[in-house]
Protein chains: 2
Amino acid sequence: MARPTLSDVARLAGVDVSTASRVLRGEAAQRIREETRERIVQVARELDYRANAFARGLRTARSSTLGIVVPQLDNPVFAAAIQGAEAAAAEHGFSLLIAHRAPGARDAGVYKRLSEGNRVDGLLVASLDDDDVLLSELEATETDYVLLNRTLAGARYSVVLDSRAATRIALDHLVSLGHRRIAHLAGRPGGFNAGERLAGYREGLAAHGIGFDPDLVAVAGYTAEGGAAAMRQLIDRKPTAVLAATLVSAAGAMAVLHEAGWRIPQDVSVIGLHDADVATMLYPALTTVRMPTERMGRLATELLVRLVAGESPEGVAPLAPEGLVVRASTGPVAGLGGSLRAPSGEKRR
Amino acid sequence: MARPTLSDVARLAGVDVSTASRVLRGEAAQRIREETRERIVQVARELDYRANAFARGLRTARSSTLGIVVPQLDNPVFAAAIQGAEAAAAEHGFSLLIAHRAPGARDAGVYKRLSEGNRVDGLLVASLDDDDVLLSELEATETDYVLLNRTLAGARYSVVLDSRAATRIALDHLVSLGHRRIAHLAGRPGGFNAGERLAGYREGLAAHGIGFDPDLVAVAGYTAEGGAAAMRQLIDRKPTAVLAATLVSAAGAMAVLHEAGWRIPQDVSVIGLHDADVATMLYPALTTVRMPTERMGRLATELLVRLVAGESPEGVAPLAPEGLVVRASTGPVAGLGGSLRAPSGEKRR
DNA sequence: CTGTTAGCGCATTCAC
DNA sequence: GTGAATGCGCTAACAG
C-alpha cells in the first residue's frame with residue numbers, strides 16, 4: 001500500500017483532516033476532546049503514518065534540515081565536529097545535509113545551493129577561505145548560519161575552541177618539565193586558530209620569563225609534510241621541546257627527529273594540540289591537549305537550532321580545553337637527571 | 001524581496017507557468033520557440049530563480065536527495081567513502097543527507113526515518129550490524145539502497161573493496177622479501193572483510209607453499225588497542241612479518257613491537273591494508289596496500305542514482321586494490337643479508 | 001508550440 | 001471542539 005496520508009488517517013478516525021493535523025502535530029492549544037485525540041493517534045500508529053516532508057515544508061517553509069559544509073571530510077577535527085552536529089541535530093528533530101567545499105574553490109555557491117528552495121533552515125559552516133569571500137557568499141544566502149572552528153569579521157555566531165588556552169596548557173607542561181628552548185610548529189598563517197596558538201605560545205613564554213625567539217617558530221600548516229619541513233628548518237636551533245599545532249604536524253616533526261637520531265623524549269619532547277586516536281598510534285605515543293571538538297559541533301548545532309527558531313541566543317565563548325593527556329612523548333629536559341619527575345603512562349583520557 | 005516563484009518568472013516573461021516550467025526544467029522534448037525559451041531563461045536568471053524543492057518534491061515524489069548512514073564518522077575508510085559519495089551525488093544533482101548509526105544500536109529506524117515522507121530517494125548504507133537485523137530494517141524502508149563496504153545476504157547491490165586480493169598483494173610482498181612466518185592480525189570475526197582477508201591470507205600462503213599455522217593469527221579488530229593485544233598474543237610465536245588488517249591495528253602492533261625492542265623492519269616487517277595519511281605518520285612509515293575507498297563511495301552512489309532512476313543496473317565487482325605502497329616498515333627477512341634487495345623509499349602514491 | 005486545469009499533502013485561517 | 005475552505009509552488013496531463 002502506498003504511504004498513508006493525513007486524509008487517510010482522518011477518514012479512518014472519522015474526523016476532518018484539520019483535526020487530525022492539529023492532534024498529530026501536538027498543537028500547543030489543544031482544544032481537542034481527549035477521546036478524539038486518542039482515536040486519531042491510534043489510527044495514525046496503526047497506519048504507521050508520517051507526515052510528508054515536502055507537503056509540510058511547502059506549507060510551512062521550513063525543512064527541519066540543517067546543512068553542514070566542510071572543507072575536508074578526512075580531517076579528524078571536522079569528523080568529530082560533524083559527529084557532534086549530527087547527534088545534536090537528531091536530538092532536536094533535524095536532519096543534516098552534508099556538503100564538501102574544497103578550500104579556495106571558486107564554485108561560487110555551495111552555501112547558496114543548499115539554502116535555495118528552502119532545502120535547509122540553516123547552515124553550519126567550516127571553512128578555510130578568506131574572510132571576505134566567505135562572508136559575501138554567506139550573506140548572499142540570506143540564511144541563518146553558525147561558523148564552526150573559526151571566527152569571521154561580520155559574522156555574529158561562531159563556535160570555536162580555545163586554542164590559546166590549549167597552547168598555554170601545552171607550554172606550561174613543557175616548562176614544568178624544565179624546557180625553555182621550545183619550538184613552535186605553527187598553523188596556517190593568518191588563520192584564526194594559528195593566530196590564537198601563536199598568541200598563547202608568546203603569552204606562555206612571557207609568563208615564564210622566557211624570551212620569544214622568532215627562530216624557534218616555523219609554519220607547518222596542517223600536513224605531515226609541512227610538519228616535517230618546519231622541523232627540518234628548526235632542528236639546527238636545538239630546541240629541547242616542540243609544540244606542534246596539530247597531531248599531523250607533530251607526526252611529521254617526529255619523523256624528522258627520528259631520522260636525525262634524536263630520541264623522544266630523552267633528547268627532545270614533543271607535544272601536540274588536539275587529541276585523537278592517532279596520538280596513540282604514533283611512536284612514542286604523543287602527549288596532547290584534548291579539545292572538545294565533538295562538543296563544538298553540538299554547541300554550534302544547538303545555537304543554530306535556536307537561531308532558526310527565531311530566537312536571538314547569546315554567542316558561546318571559546319570552548320575550554322578538556323585537559324592535558326600525558327603520554328610518552330614528553331619528559332624532563334635533558335641534563336636535569338632525576339630532579340624532575342618524568343611523566344609515566346597516560347594520565348587521563 | 002521574497003524568493004521569486006515560477007509564476008513570477010512566467011509573469012515577467014509574459015508566458016504561462018507551465019511553459020516556464022518546461023523551459024526551466026530543460027524538458028527533453030523541447031517544443032518551445034527559441035525566442036520564448038531565451039526570454040524565460042533570461043528572466044529567471046535576472047530574478048535568480050530556483051525551484052522550490054518542496055513544491056517540486058511534493059509534485060514529483062522525488063527529492064534528489066540520497067541518505068548515507070555510517071557506523072562511525074571518524075573512520076578514515078568511511079570518511080573517504082563519504083567524500084566520494086558526496087562528490088558523485090553532487091555531480092548527479094543529488095544532495096546527501098548524513099546520519100550516524102552506532103553499531104548494534106537498537107534504535108530501530110535511522111533508515112526508516114530517513115526514507116519516511118520521501119525525504120530521500122535512496123540510501124547508502126555502511127553498517128557493522130548483523131545480516132538479519134540489517135536486512136529487516138532495510139526492507140522495511142521500501143526504499144532503494146546500496147550497501148557500502150560489505151555484502152548482505154538478500155541484498156542485491158553492494159560495493160566492496162577486494163580485500164582478498166589486497167591481502168594477497170601484501171602477502172606476496174612479504175614472501176618476496178623472504179618471509180615465511182607471517183602473522184595475521186585479523187578483523188572482526190564473522191565480518192565480511194575479515195573473512196575475505198583471512199581467505200586471502202590462507203590462499204596466499206598455500207600458493208607459496210607455506211603451511212597455515214592458526215597460532216599465527218589473532219583477532220585485532222579495528223582499534224589500536226586490539227592490534228596491540230593481538231600482537232602481544234603473537235609475539236612469542238616469533239613471526240618475521242606481520243600483516244595487519246587495518247592501519248590502526250598495524251599501529252597498535254608496532255607499538256608493542258617497539259616496546260619489546262624489536263626493530264622494524266630489521267627484526268620484523270609490518271604491512272597494513274588500506275592506505276591513508278596516517279601510514280606516513282607512523283614510525284617507521286608503514287608499507288600498505290592502497291585501496292580505492294573514495295571510489296567505492298562514488299561507485300555506490302552512481303549505482304544508487306541509476307537505481308532510483310528506475311534502471312536495473314549491473315552490480316559492481318569488488319574493487320581491485322590500487323597497488324602496493326612500499327614505505328619503510330617492510331624489509332628482507334633477518335639473516336638473509338643482501339640476498340634480497342630492501343625496498344627504499346616510497347614506490348608509488 | 002503554448003495555455004488551462006488539476007492536484008501533490010499538509011497547515012491554517014475562518015466559520016459554526 | 002471540530003469542519004470547510006484555501007493555497008504553499010510546482011509538474012503533468014490534456015487541450016487547442
Side-chain angles (χ1 to χ4, degrees), chain A residues 1-41 43-44 47-65 93 115-119 121, chain B residues 1-41 43-44 47-65 93 115-119 121 309-310:
Chain A
M1 169 183 136
R3 210 183 295 279
T5 72
L6 188 59
S7 72
D8 292 329
V9 176
R11 185 164 29 75
L12 266 65
V15 298
D16 185 86
V17 292
S18 59
T19 306
S21 173
R22 282 188 272 256
V23 168
L24 264 15
R25 215 152 11 89
E27 206 180 44
Q30 15 195 357
R31 304 142 150 273
I32 307 274
R33 203 189 312 155
E34 191 49 32
E35 179 191 314
T36 314
R37 145 192 266 42
E38 275 173 13
R39 192 152 26 95
I40 294 172
V41 169
V43 171
L47 259 41
D48 193 28
Y49 166 80
R50 312 293 154 140
N52 179 308
F54 295 131
R56 174 171 288 175
L58 180 57
R59 193 56 234 258
T60 61
R62 316 192 75 272
S63 62
S64 289
T65 299
S115 58
E116 279 163 9
N118 296 322
R119 296 176 57 65
D121 293 338
Chain B
M1 170 181 133
R3 211 184 293 281
T5 73
L6 188 57
S7 73
D8 291 329
V9 175
R11 184 164 31 74
L12 265 65
V15 299
D16 185 86
V17 292
S18 61
T19 306
S21 173
R22 279 189 275 258
V23 168
L24 264 14
R25 214 150 13 91
E27 206 181 45
Q30 19 195 353
R31 302 139 151 275
I32 308 275
R33 202 190 313 155
E34 190 51 31
E35 178 192 314
T36 313
R37 147 192 268 37
E38 276 173 12
R39 191 153 24 94
I40 294 171
V41 169
V43 171
L47 259 41
D48 194 27
Y49 166 79
R50 312 294 155 142
N52 178 307
F54 295 132
R56 175 173 286 172
L58 180 57
R59 191 56 235 248
T60 62
R62 315 190 76 273
S63 62
S64 289
T65 300
S115 58
E116 280 163 7
N118 295 322
R119 298 176 58 65
D121 293 338

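Chain A is the first sequence line, chain B the second, and so forth, proteins listed ahead of strands; every chain is numbered from 1.
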Check the pair R25(B) / S21(B) against side chain to side chain donor-acceptor pair (under 3.5 Å), numbers first and verdict last. CA-CA 6 Å; R25(B) 214 150 13 91; S21(B) 173; 3.1 Å; yes
Just the rounded figure in Å: distance from [atom2] of [N] to [atom1] of [X].
X	N	atom1	atom2	value
L58(A)	dG7(C)	CG	P	17 Å
E38(A)	dG1(D)	CD	P	15 Å
L6(B)	dT5(C)	CG	C1'	15 Å
R62(A)	dG9(C)	CZ	P	23 Å
R39(B)	dT2(C)	CZ	C1'	11 Å
D16(A)	dG9(C)	CG	C1'	14 Å
L47(A)	dG9(C)	CG	C1'	15 Å
R119(B)	dC10(C)	CZ	P	14 Å

Nucleotide nearest R33(B) when distance is taken to its side chain, options dC8(C), dA12(D), dT2(C):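 Shortest atom-to-atom distance from the side chain points to dT2(C).
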Proximal nucleotide (of dT2(D), dC10(C), dC10(D)) relative to the N52(A) side chain: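 Nearest to the side-chain atoms of N52(A), counting from C-beta on, is dC10(C).
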For [N], does either OP1 or OP2 sit under 4.0 Å from a side-chain N or O belonging to [X]?
X	N	result
T36(A)	dT2(D)	yes
T19(B)	dG3(C)	yes
R25(B)	dC10(D)	no

With distance as the sole criterion, do the side chain of [X] and the base of [N] form a donor-acceptor contact below 3.5 Å?
X	N	value
R50(A)	dG9(C)	no
S18(B)	dT4(C)	yes
R22(A)	dG3(D)	yes

Could you pick out which residue, V17(A) or E34(A), lies toward the 5' side of DNA chain D when each is mapped onto its nearest nucleotide?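 Its nucleotide being nearer the 5' end, the pick is E34(A).
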NA contact type, V15(B), heavy-atom cut-off 4.0 Å: base, sugar-phosphate, or nothing?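 Contact class for V15(B): sugar-phosphate only.
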Step by step, would you call R56(B) with S64(B) a side chain to side chain donor-acceptor pair (under 3.5 Å)? CA-CA 10 Å; R56(B) 175 173 286 172; S64(B) 289; over 6 Å; no
Checking S63(A) side chain against R119(A) main chain: does a donor-acceptor pair fall under 3.5 Å?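 Indeed, once roles are kept as given, a pair shorter than 3.5 Å links the two residues.
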Is the shortest heavy-atom distance from the side chain of D8(A) to the side chain of T5(A) under 4.5 Å?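 The answer is yes, as the side chains (C-beta and beyond) meet within the 4.5 Å cut-off.
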At what distance, to the nearest 0.5 angstrom, does CZ of R11(A) lie from CG of D16(A)?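 Output value for this atom pair is 12.5 Å.
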